[in-house]
Amino acid sequence: MLQTAQRGKKTSANKAAPHERFLEAFRWMLLARTLEEKLVSLYRGGQITGGVYIGKGQEAVSVACGMFLQKGDIFAPLIRDQAGRSAFGEPIVDVARTYLGSRQGPMRGRDGNIHRGKPGDDQLAMISHLGAMVSVTVGALLAKRFRGEKNFVGLSCIGEGGMQTGSFHEGMNIAAVEQVPLVIVATNNHYAYSTPNDREFACADLVDRAKGYGFEGYSIDGTDLSMCLDVIGSAVKRARAGRPPQLVVASVLRLSGHGEHDDASYVTDEMKRQPFAQDCLKLTEKKVVDLEMADAATLKSWREDAARQVDEAIATAQKEAAPDAEKEDWCAISTRELVDRPE
Amino acid sequence: MSITYLEAIREAQARLLRDDERVFIYGQDVGGTFGGAFKATKGLAKEFPNRVLNTPISEDAIVGTAIGAAIKGMRPIVEMQFADFSSTALNQILNHAGTHYWRTNIPVPITIRLPSGGTKGSGPFHSQSMESIYAHYPGLIVMTPATVEDAYTMLIDAVAIDDPVVYCEHKYLYYHLKADKLPDKGLPTGRARIAREGRDLTIVTYSAMVQESLAVAGELARENLEIEVVDLRTVKPLDTDTVLASVARTGRLLCVGESFPWGGATAEVIARVTSEGFHLLDAAPVRINAKDTPIPYHPNLWSAHRPGAKMIAAKARALLKE
Ligand SMILES: Cc1ncc(C[n+]2csc(CCOP(=O)(O)OP(=O)(O)O)c2C)c(N)n1
Ligand SMILES: [Mg+2]
């Protein structure tokens with residue numbers, strides 16, 4: 001069974017043979033897709049309060065973000081990074097608990113859905129405000145440098161929409177000024193909510209910005225898992241080796257609504273016919289079959305394994321208690337004696 | 001005909017676009033066939049394709065652009081996708097729009113619409129009420145409509161006003177509130193409204209808490225307790241006269257707001273009443289706000305964090321016994 005990744009303890013993706021790495025990535029993608037399909041069905045059944053945001057079509061890019069990070073590296077995933085979060089080491093029960101509001105989840109019902117993380121385990125907990133995670137990742141890396149740690153990197157994810165915030169721009173600049181070992185993976189899924197690229201930016205290619213910031217930049221086809229692994233893997237390696245910060249821009253189409261409340265009727269048919277609109281999971285599976293990397297029985301067992309893991313995680317979270325307002329401490333600071341009690 | 005609070009906001013914008021060529025709407029996802037995250041501009045881009053414009057996710061630049069356009073004769077309406085995201089435009093709103101007239105004698109007629117307040121499951125970044133921050137800074141008018149009628153007429157007034165207006169529309173009211181028809185004109189800007197008359201206790205409130213307070217007044221009326229509910233309508237300017245006149249009638253004051261407890265509109269009302277109308281009070285004034293933590297995601301926590309009818313009723317009863 002595919003276990004939660006144990007960074008640093010197993011042969012890391014950095015060293016694995018390409019086909020092993022490819023298959024491992026495929027299985028994380030499959031797990032992410034299976035989990036998110038389940039979340040969508042729970043949402044439709046009224047069992048999830050608030051929104052559900054999935055990474056359908058972006059699993060290949062995302063998984064590559066998680067796979068090359070080792071113990072001590074910093075990961076700042078965003079809304080469409082289930083595959084990367086799992087590959088990085090987030091147990092899927094954390095996802096189930098956060099979506100279902102379990103008190104035992106990492107967010108304890110205080111925050112929900114994709115707004116989750118475990119900073120203690122180097123997975124930063126995103127806020128909604130786009131662009132804000134870049135400089136925070138830079139700061140986490142600076143701290144490591146101050147403390148004399150070596151051989152670490154940080155990877156921060158962003159969408160092409162979030163790239164247009166002032167916060168993102170300041171974060172990129174400060175990363176380059178500080179020369180921290182940072183990789184930014186920007187996924188252009190061609191929409192920010194309903195807004196297409198032509199109302200988001202007007203440069204020919206977002207990767208051209210790398211030079212202006214003092215980053216090294218690369219473009220990839222986000223539907224091609226091999227390319228995602230090669231390029232993102234190399235960017236992580238370069239950052240780790242002391243090259244300037246790295247920007248990877250991946251092209252995909254968001255294969256879902258912005259959230260599950262959104263029918264995405266604004267996505268044009270022309271857009272759906274573009275090569276980047278293909279489903280990376282299907283392409284990956286086809287490659288596995290065509291190159292005979294795994295036989296049908298193995299594929300079936302992987303799928304069953306993913307389904308079983310998801311069912312277990314959901315069942316666990318469903319059994320757990322919801323938060324109780326009476327038992328909450330309603331305290332937003334850790335220095336409890338300094339809490340202001342207005343009543 | 002029945003029209004919701006949300007439809008009133010859309011209708012007001014449609015009328016503004018039709019009546020005044022200087023008006024344009026600027027914000028994320030407001031244009032195209034989409035019409036905004038809450039559909040407050042649905043259909044408007046079809047009629048006015050050049051004046052309902054999608055923007056990048058760049059709040060600071062959105063407001064900056066609107067300020068520049070306003071200085072040069074336009075009447076922009078900015079839609080923030082959620083009030084919470086206006087925090088990334090604070091610099092332009094507070095330091096630029098808020099200071100401009102005072103510094104240069106040139107007013108900045110922009111309207112910034114903030115979909116505000118909590119709804120179940122929205123969590124810390126899609127639930128905030130920011131009126132008190134904006135009211136604290138000089139140079140801004142802060143509207144907090146609580147009815148369908150006010151949502152409509154106040155938005156029209158906001159655009160007509162030559163100064164920057166922060167228009168806080170409550171997401172919880174979007175679909176919950178309905179009216180039969182839209183009025184042509186409302187009360188003047190800055191005038192509070194007596195939403196219900198009573199002689200035993202005054203509740204001063206605004207936005208979604210007006211509805212909660214009216215529900216409490218209805219409930220207590222069955223016990224022969226007469227609650228007067230004052231809807232501030234704008235938290236800045238704050239209609240101290242109407243509030244004082246009400247407290248003069250009742251002698252008891254309860255202030256209810258949905259935002260965080262440190263400072264804010266409720267504290268301001270109490271500060272004014274105690275300093276200007278201390279002699280009118282028969283008991284110490286009381287206020288109710290949200291709790292001093294970020295806004296929780298889980299409905300169990302959210303409904304305890306946000307003031308509601310139950311808490312308002314309990315505090316009102318206790319205050320009436322004082
Ligand atoms: C500063 C800020 N403004 C607005 C929003 C609301 N919002 C959430 S996601 C989103 C679109 C994001 O687009 P993109 O960055 O391309 O990511 P994608 O959803 O396409 O993965 C918007 C506008 C936000 N989260 N932060
Ligand atoms: Mg996008």
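Just so it is clear, the model here is predicted, and its values are computed rather than measured. All heavy atoms count here, side chains included; hydrogens, waters and symmetry mates do not. First the proteins, then the strands, lettered A, B, ... as listed; each starts at 1.
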Trainee: Hey, does B:Tyr297 have a side-chain heavy atom less than 4.5 Å from the side chain of A:Thr98?
Mentor: no
Trainee: What do you reckon, is CZ of A:Phe201 surrounded by more than 12 foreign heavy atoms closer than 6.0 Å?
Mentor: yes
Trainee: Relative to chain B, which segment of A:Tyr99 carries a heavy atom at a distance below 4.5 Å: side chain, backbone, both, or neither?
Mentor: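 Looking at A:Tyr99, just its backbone touches chain B.
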Trainee: Measuring heavy-atom distances to chain A, does B:His305 have an atom under 4.5 Å in its side chain, in its backbone, in both, or in neither?
Mentor: both
Trainee: Determine the option with the most heavy-atom pairs under 4.5 angstrom with chain B, choosing from A:His169, A:Glu326, A:Arg199, A:Met163.
Mentor: A:Arg199
Trainee: For chain A, which of B:Pro299, B:Ala304, B:Ala61, B:Pro124 has the most heavy-atom pairs under 4.5 Å?
Mentor: B:Pro124
Trainee: What is the ring orientation for A:His129 with B:Phe125, classed by angle as parallel under 30°, tilted 30 to 60°, or perpendicular over 60°?
Mentor: perpendicular
Trainee: Please give me the minimum heavy-atom distance between B:Ile57 and A:Ala192, naming the atom from each residue.
Mentor: CD1-CB, 3.9 Å
Trainee: Identify which of B:Ser303, B:Ser58, B:Gly31 forms the greatest number of heavy-atom pairs closer than 4.5 Å to chain A.
Mentor: B:Ser58
Trainee: Would you say A:Ile174 has more than 12 foreign heavy atoms packed within less than 6.0 Å of its CD1?
Mentor: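 Atom CD1 in A:Ile174 is not crowded, with 12 or fewer foreign heavy atoms closer than 6.0 Å.
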Trainee: Under 4.5 Å between any side-chain heavy atoms of A:Trp330 and B:Pro296, yes or no?
Mentor: yes
Trainee: Can you say whether A:Leu130 sits under 4.5 Å from chain B via the side chain, the backbone, both, or neither, judging by heavy atoms?
Mentor: side chain
Trainee: Less than 4.5 Å to any heavy atom of chain B: does that hold for the side chain of A:Ser102, its backbone, both, or neither?
Mentor: neither
Trainee: Below 4.5 Å, heavy atoms only, C-beta onward: do A:Thr195 and B:Gln28 meet side chain to side chain?
Mentor: no
Trainee: Please classify the contact between B:Ser87 and chain A as side chain, backbone, both or neither, with a heavy-atom cut-off of under 4.5 Å.
Mentor: side chain
Trainee: Top residue by heavy-atom pair count (under 4.5 Å) with chain B, among A:Gly166, A:Gly161, A:Ser194, A:Ser167?
Mentor: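 Heavy-atom pair counts peak at A:Ser194.
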Trainee: Given heavy-atom pairs under 4.5 angstrom as the criterion, report whether the side chain, backbone, both or neither of A:Glu200 touches chain B.
Mentor: backbone
Trainee: Counting only heavy atoms closer than 4.5 Å, note whether B:Ile288 contacts chain A via side chain, backbone, both or neither.
Mentor: neither
Trainee: Is any side-chain heavy atom of B:His126 less than 4.5 Å from a side-chain heavy atom of A:His115?
Mentor: yes
Trainee: Checking the side chain of B:Asn300 only, and the main-chain atoms of A:Asp324 only, is there a donor and an acceptor separated by less than 3.5 Å?
Mentor: no
Trainee: Are side-chain heavy atoms of B:Gln81 and A:Tyr193 found at a separation under 4.5 Å?
Mentor: yes
Trainee: Do you know which of A:Ser265, A:Gly51, A:Ala332, A:Ala132 has the most heavy-atom pairs under 4.5 Å to chain B?
Mentor: A:Ala332
Trainee: Please rank B:Asn54, B:Leu53, B:Thr293 by heavy-atom pairs under 4.5 Å with chain A and give me the top one.
Mentor: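 Among B:Asn54, B:Leu53, B:Thr293, the one with the most close pairs to chain A is B:Asn54.
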Trainee: Contact part of B:Ser122 toward chain A, heavy-atom cut-off under 4.5 Å: side chain, backbone, both or neither?
Mentor: neither
Trainee: Which atoms of A:Asp262 are under 4.5 Å from chain B, going by heavy atoms: the side chain, the backbone, both sets, or neither?
Mentor: side chain
Trainee: Rounded at 0.5 Å granularity, tell me how far CD in B:Glu59 sits from CD in A:Gln164.
Mentor: 12.0 Å
